[in-house]
Amino acid sequence: MPELPEVETVRRSLERRIVGRTVTDCIVRETRFRTPLDPAALQVALRGRRIVGVERRSKYLLIALAGEDVLVLHLGMSGRLDLARRGTAFLPHTHVQLELDGGDELRFSDPRRFGMLFVTSRAALPAHPRFTGLGIEPFDRGFTVDYLLDRGRSSRRPVKNFLMDARVVVGVGNIYASEALHRARVRPSTSVRRLSPQRMRCVHASVRAVLASAVRAGGTTLQDFRDTDGHAGRFQVRLRVYDRAGEACHRCGRTIRRIVQAGRSTFYCPGCQH
DNA sequence: CGGGCGGCCTGGAGGC
DNA sequence: TGCCTCCAGGCCGCCC
């Protein structure tokens with residue numbers, strides 16, 4: 001479900017409400033995730049620990065605890081975090097609860113179980129297998145047109161797949177890759193190394209613009225995305241191509257097409273993307 | 001060895 | 001109503 005704007009939206013809503021709180025207990029009711037969860041390790045690391053910060057790296061949420069440890073959380077496709085009063089009704093597939101002082105609890109639900117959570121030390125994080133290969137953050141200073149040109153120089157792959165490659169740049173998933181390329185007027189099937197510097201500059205600016213705009217809108221809610229307070233995103237009404245196959249392009253009027261690239265749906269306008 | 005593809009899961013939508 | 005197929009916002013490992 002979540003790409004950078006959705007994860008960042010969750011991060012902000014979490015940060016407002018859990019920093020300074022202490023985890024009193026951790027209840028695990030499901031351990032079968034893609035990487036199996038170790039309840040004992042989680043409980044030992046979390047119980048009695050104060051939450052000192054909430055950060056994001058790529059599509060991972062990092063809940064920093066007093067001391068050296070960090071709770072790492074990934075929402076996968078269907079993961080969701082909810083902050084709620086203890087004892088209130090909870091969503092189906094609520095697999096983990098963090099009980100907080102003051103009577104609230106943070107609930108992690110994930111029907112498809114593509115998500116993951118684990119505890120590691122802050123020092124070990126960069127070397128963790130899930131983090132070592134990660135590319136640059138799209139809002140870091142190092143994410144430049146030259147960086148993209150350099151990384152794309154020897155690659156014949158389609159620019160859409162390139163943008164979705166987390167080894168190149170993190171946070172761009174299936175929705176925002178299509179949206180950024182529409183904004184840039186670049187056809188998703190274009191080979192990266194065939195993009196002129198001018199067109200790459202446009203792709204670069206469009207990635208940032210689309211992501212920033214989606215963050216401001218609180219993410220995209222297609223079916224079930226919510227922040228930790230249960231609020232839906234508002235970017236779905238601004239989508240220009242994603243999930244609009246057969247509809248008219250708002251820019252040129254031509255009919256939006258759906259194709260499949262690397263096993264994922266891609267949407268583009270044949271009229272104004274070349 | 002870069003990168004496409006199948007698989008991991010559940011659930012919702014749509015066809016018959 | 002049921003049963004089938006297809007599809008879904010991510011990621012990993014296999015294998016060409």
Side-chain angles (χ1 to χ4, degrees), chain A residues 1-11 29-37 56-61 72-81 91-95 108-118 128-135 138 150-181 188-189 191-193 207 210-211 213-215 217-227 232-246 258-267:
Chain A
M1 145 202 329
E3 304 181 33
L4 183 147
E6 290 73 35
V7 179
E8 179 60 23
T9 297
V10 170
R11 188 198 70 75
R29 33 170 64 92
E30 175 62 79
T31 60
R32 296 170 302 159
F33 292 87
R34 282 236 320 286
T35 44
L37 199 155
R56 179 190 57 75
R57 168 72 174 119
S58 183
K59 295 169 187 168
Y60 295 88
L61 287 163
V72 181
L73 236 147
H74 196 293
L75 301 175
M77 287 282 262
S78 58
R80 178 167 160 180
L81 286 171
L91 291 168
H93 305 283
T94 296
H95 305 312
F108 176 64
S109 57
D110 184 8
R112 296 174 72 179
R113 284 185 277 120
F114 288 175
M116 68 177 90
L117 59 173
F118 60 90
H128 191 280
R130 297 282 160 271
F131 285 75
T132 46
L134 291 180
D150 184 52
R151 292 297 303 262
R153 184 164 299 141
S154 60
S155 176
R156 20 174 23 99
R157 69 204 297 214
V159 61
K160 195 250 191 175
N161 300 5
F162 175 73
L163 289 181
M164 285 182 67
D165 186 342
R167 294 167 303 182
V168 177
V169 57
V170 299
V172 183
N174 208 35
I175 293 180
Y176 299 109
S178 282
E179 291 299 313
L181 290 171
S189 54
S191 168
V192 218
R193 63 173 185 179
V207 165
V210 164
L211 292 177
S213 171
V215 169
T220 298
T221 297
L222 292 178
Q223 298 121 27
D224 47 16
F225 169 71
R226 294 287 189 280
D227 71 11
R234 300 175 307 280
F235 196 73
Q236 56 281 7
V237 301
R238 314 248 296 270
L239 296 176
R240 291 296 181 253
V241 284
Y242 187 84
D243 208 19
R244 295 194 65 238
R258 172 187 182 271
I259 58 171
V260 174
Q261 294 181 283
R264 317 292 304 276
S265 290
T266 300
F267 300 88

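Chain naming here is simple, since letters A, B, ... match the order of the sequence lines and numbering starts at 1 in each.
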- Ring centre gap for F114(A) and F33(A) strictly below 6.0 Å: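 F114(A) vs F33(A): aromatic centres not under 6.0 Å.
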For the pair made of [atom1] in [X] and [atom2] in [N], what is the distance, rounded to whole Å?
X: M77(A); N: dC9(B); atom1: CE; atom2: C1'; answer: 10 Å
X: K160(A); N: dG9(C); atom1: NZ; atom2: C1'; answer: 11 Å
X: R264(A); N: dC7(C); atom1: CZ; atom2: C1'; answer: 11 Å
X: D224(A); N: dC7(C); atom1: CG; atom2: C1'; answer: 14 Å
X: F267(A); N: dA8(C); atom1: CZ; atom2: C1'; answer: 10 Å
X: L75(A); N: dC11(C); atom1: CG; atom2: P; answer: 10 Å
X: R80(A); N: dG10(C); atom1: CZ; atom2: C1'; answer: 19 Å
X: I259(A); N: dG4(B); atom1: CD1; atom2: P; answer: 12 Å

Could you tell me whether the phosphate oxygens of [N], OP1 or OP2, come under 4.0 Å of any side-chain nitrogen or oxygen in [X]?
X: R112(A); N: dA8(C); answer: no
X: R34(A); N: dC12(C); answer: no
X: S155(A); N: dG3(B); answer: yes
X: S265(A); N: dA8(C); answer: yes
X: N161(A); N: dG4(B); answer: yes
X: H93(A); N: dC9(B); answer: no
X: H74(A); N: dG10(C); answer: no

Candidate nucleotides [options], ranked by approach to the side chain of [X] - the nearest:
X: I175(A); options: dG9(C), dG10(C), dG4(B); answer: dG9(C)
X: Y242(A); options: dC9(B), dG4(B), dA8(C); answer: dA8(C)
X: K59(A); options: dG4(B), dC7(C), dG10(C); answer: dG10(C)
X: M164(A); options: dG11(B), dG10(C), dA8(C); answer: dG10(C)
X: A262(A); options: dG9(C), dG4(B), dC7(C); answer: dG4(B)
X: Y60(A); options: dA8(C), dC12(C), dG4(B); answer: dC12(C)
X: E3(A); options: dA8(C), dG10(C), dT10(B); answer: dG10(C)

For the atom pair [atom1] ([X]) and [atom2] ([Y]), what is the distance rounded to the nearest 0.5 Å?
X: L73(A); Y: F108(A); atom1: CG; atom2: CZ; value: 5.5 Å
X: R80(A); Y: D224(A); atom1: CZ; atom2: CG; value: 7.5 Å
X: R113(A); Y: M116(A); atom1: CZ; atom2: CE; value: 14.0 Å

- On a whole-Å scale, what distance lies between the P atoms belonging to dC14(C) and dC9(B)?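 Those two atoms are separated by 15 Å.
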- Between dC1(B) and dC11(C), how far is it from one P atom to the other, in whole Å?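 Result for the P pair: 24 Å, nearest Å.
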- Note on the structure: Paired to dC5(B) by Watson-Crick or G-U wobble criteria (both distances under 3.5 Å) is dG13(C)
- Checking T221(A) side chain against Q223(A) main chain: does a donor-acceptor pair fall under 3.5 Å? no
By the 4.0 Å heavy-atom rule, please label [X] as base, sugar-phosphate, or nothing.
X: Y176(A); value: nothing
X: Q223(A); value: base
X: R32(A); value: nothing

- Hey, is F225(A) doing a stacking thing with dG9(C), by the 5.5 Å centroid and 30° angle criteria?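 Aromatic stack with dG9(C) absent for F225(A).
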- Query: Can F114(A) be classed as stacking with the base of dC11(C), given a centroid separation cut-off of 5.5 Å and a plane angle cut-off of 30°?
  - Reply: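 Answer is no, no stack.
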- Task: Would you tell me whether Q261(A) and T266(A) have side-chain atoms, one donor and one acceptor, within less than 3.5 Å of each other?
- Result: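 Checked: Q261(A)/T266(A) side chains pair up, N/O donor to acceptor below 3.5 Å.
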- Message: Do R258(A) and S265(A) pair up side chain to side chain, a donor and an acceptor below 3.5 Å, judged on atom types alone?
- Response: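 Yes, because at least one side-chain N or O of R258(A) sits under 3.5 Å from a partner of the opposite role on S265(A).
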